[in-house]
Amino acid sequence: MKQHLVFGFLFFQLFSSFPIFAAIETQPLFQRLAGRPLLKTDPRYSEIDALLKSGKALEAAEKISNDWGFFHITVRDWAAVMSNRSELPIVPLNDFLAMAIGVVRDRMDARSLLTGNFRYQANRGLRLVEPHFSNNDHYLALESNHADLQTALVKVEPQWTKGFKAAGLLTTRGWAEAHYVMGTNRRATEFAFREFLCAPIDQWRAGGLSDFWVRRDVDRKPGGNSDRYKSECRTCHAGLDGLTAAFAHFDFQAPTFYFSNNWIAPKYNQNKNVYPQGFATKDSTWINLLTTPAHQEMFGWRSPDEGVGINDFGALLANSRAFSECMVKRVFKKVCRQNLGPAQEDFLKAYSTQFEADHYDLRKLFERVAIAPTCYGE
Amino acid sequence: MKKIFLLLFCSVLALGQNLALKNYREIYFNLLTMTNIQPDEKLEAQYKGLREMLPKFGNIDEFNGAMQLALLQITSEFCERRVNLDSQVEPSKRWLHTEVNFSKNAKDFTEKEKEFLVQEYAQIFWQRAATESEARLATSAFDGFAAQGFSTVQALVFYCTLLATSIPAVTI
């Protein structure tokens, strides 16, 4: 009897203070969405508190997403990890981050992050140097000016020059610096899948795909062993090389982002003597070979399997089911500080569907996730 | 020793309860909001020099010695500025320390004054009231600073830093 009492007491002590069994409270909700506290002396505190107490949690979250911290702290960090090769949040402001913040702020269709022909920059009233493909000075100046990104950023079209086929984040200087520098541009494909479909290459590499599009710089007999090519190299290169032609018009040689619709980056046809019979890139026509039933299950493609250029490639990714699910996973990770696990599969499916029904409004997704009981461990 | 054990116990419970740490950016902007200090070049430079050691993602496994040192360093800067500013103005114009008599030795603070102080700090840094046991532990820490012969301002800087770097203050 005494043991039961002690156990009961301990159980009560441990769990009575856990927020997971309580209704959403103002402070945790504000902290999670805005990344900073809301002091009780702030007039918004009582407004948000009243909304929560009257069951209007989404309205409360909408009010919080107007806070400066939501853009400067939460969305900025959320976007930053997708912007660089190391996936670190500590990076200077650049066109990639500005575009992500702007699209969230303006409740734009998130698919425009991979297809849009626009950029976000400081309004000209701030008299900053213009954005340029050879430097990041504009955004560094914006940051060092302590400008309020919520009000200072304006949408400008086109992203670069007239006639340029843009693809949102994929044609920002920030992305170019991270993924078009050196190498073969295959990294751009690999990281586009990794960042926007939450699909690292180990999850989607596959045997049995045609290697017709594998380029000339890939040795078909590494170490004199063609089996190794078939069992290892080809499993990545078949899918990767079929798609990487999408980036054929791009290169980055510090500090300049090079692009032209009438030019193939020399890196595409370098080391052509390694296997001269391999695929020679002549234009930006790409093919998606990742269409096996297993791949279809993983990505949920809804676009043609072939396309020309980076904009079609961006649309392939953005229209897939995996893109919606990836955005839900990333927002959940940022706001709720945990990864969605297999046990939360229903949550993932429901929120991805809702995200699409909300016209891919990322800001709404942040708001919905922040008030979800799952976010608080229920 | 007993107090340290209790503090650790509370910390472990808190870690279980809160799933994550505030990350580097959240720590900085939380301190700005909580202490109402206007950033200047020196503060920003200090933050930029320390942020690589603060949690990048807010994962619990980023809680380590280097992170704690960096946290103490940046927090003490904010606390020092806040205490000094408040010590120079009349109580009604202070952001914090509204009941503190800065001309009084920290050793001579009454229990009521200490209780008010711990609750004032808790409301700012923890966004909630301190429980009875938390208040008791915190007050005994303040008594420890006071007994060391530190000035009232110094004792308050240490005390502010202690509470602002405690587990409830740095977790979400």
Side-chain angles (χ1 to χ4, degrees), chain A residues 10 13-22 25-42 45 67-78 80-81 84 86-93 143-144 146 330 332-339 370 374-377, chain B residues 9-10 12-14 16-36 38-41 43-45 47-62 95-96 98 120 122-129 131 133-134 164 168-172:
Chain A
L10 279 175
Q13 287 294 310
L14 279 170
F15 291 98
S16 61
S17 60
F18 275 42
I20 57 175
F21 295 114
E25 291 173 10
T26 304
Q27 196 51 250
L29 179 61
F30 197 95
Q31 180 75 51
R32 279 170 191 244
L33 259 182
R36 62 180 188 152
L38 180 66
L39 301 180
K40 284 187 177 165
T41 48
D42 190 311
Y45 193 98
D67 184 71
W68 172 94
F70 176 65
F71 302 100
H72 281 256
I73 303 172
T74 306
V75 178
R76 187 196 159 127
D77 273 354
W78 173 81
V81 294
N84 63 91
S86 309
E87 300 180 313
L88 291 172
I90 305 179
V91 289
L93 186 67
E143 186 154 54
S144 62
H146 300 288
R330 287 193 173 279
F332 190 85
K333 169 77 178 158
K334 183 64 203 152
V335 176
C336 311
R337 307 310 172 98
Q338 51 189 309
N339 288 313
T374 307
C375 191
Y376 299 86
Chain B
F9 183 70
C10 292
V12 170
L13 279 184
Q17 178 176 337
N18 298 291
L19 294 165
L21 300 169
K22 290 170 183 164
N23 75 4
Y24 70 103
R25 194 183 300 276
E26 289 165 334
I27 287 169
Y28 180 67
F29 286 112
N30 273 248
L31 285 168
L32 282 175
T33 305
M34 290 166 171
T35 60
N36 197 31
Q38 298 307 311
D40 56 22
E41 278 182 21
L43 194 60
E44 273 181 33
Y47 161 63
K48 283 178 183 166
L50 292 168
R51 67 183 174 185
E52 292 283 350
M53 286 188 280
L54 294 171
K56 290 181 179 64
F57 303 99
N59 298 331
I60 286 292
D61 59 12
E62 293 178 278
W95 179 256
L96 271 169
T98 51
E120 199 179 26
Q123 283 296 346
I124 282 286
F125 297 125
W126 304 349
Q127 302 297 310
R128 62 169 173 81
T131 63
S133 56
E134 287 169 340
V170 297
T171 49
I172 292 178

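Computed from a predicted structure; not experimentally measured. Labels below follow one simple rule: chain letters A, B, ... track the order of the sequence lines, proteins then strands, and each chain is numbered from 1.
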S.K.: Which atom pair, heavy atoms only, marks the closest approach of B:Phe29 to A:Arg36?
M.R.: O-CB, 4.5 Å

S.K.: For chain B, which candidate among A:Arg337, A:His72, A:His146, A:Lys334 shows the most heavy-atom pairs at distances under 4.5 Å?
M.R.: A:Arg337

S.K.: List the atom of A:Leu38, the atom of B:Gln127, and the distance in Å for their closest heavy-atom pair.
M.R.: O-OE1, 3.5 Å

S.K.: In chain order, what residues pass the salt bridge (charged side-chain N to carboxylate O under 4.0 Å, His left out) check against A:Glu143, with sequence neighbours excluded?
M.R.: A:Arg76

S.K.: Output the distance between atom CD (A:Gln31) and atom OG1 (B:Thr171), rounded to the nearest 0.5 Å.
M.R.: 9.5 Å

S.K.: Relative to chain A, which segment of B:Tyr28 carries a heavy atom at a distance below 4.5 Å: side chain, backbone, both, or neither?
M.R.: neither

S.K.: So, for B:Ile124 and A:Leu39, which heavy atoms are closest and what is the spacing to 0.1 Å?
M.R.: CD1-CD2, 4.2 Å

S.K.: Tell me the closest heavy-atom pair linking B:Asn30 and A:Pro37, and the distance in Å.
M.R.: OD1-CD, 3.0 Å

S.K.: Specify the closest pair of heavy atoms between A:Pro89 and B:Phe57, including all atoms of both residues, with the distance to one decimal.
M.R.: CD-CE2, 3.6 Å

S.K.: Taking atom OG1 of A:Thr41 and atom CD of B:Gln123, what is their separation to the nearest 0.5 Å?
M.R.: 10.5 Å

S.K.: Please look at A:Trp68 and chain B and tell me whether the side chain, the backbone, both or neither of the residue comes under 4.5 angstrom of a heavy atom of that chain.
M.R.: side chain

S.K.: If you tally heavy-atom pairs under 4.5 Å against chain B, which of A:Ile90, A:Ile73, A:Val81 wins?
M.R.: A:Ile90

S.K.: Quick one: of B:Arg25, B:Glu26, B:Lys22, who has the most non-hydrogen atom pairs under 4.5 Å with chain A?
M.R.: B:Arg25

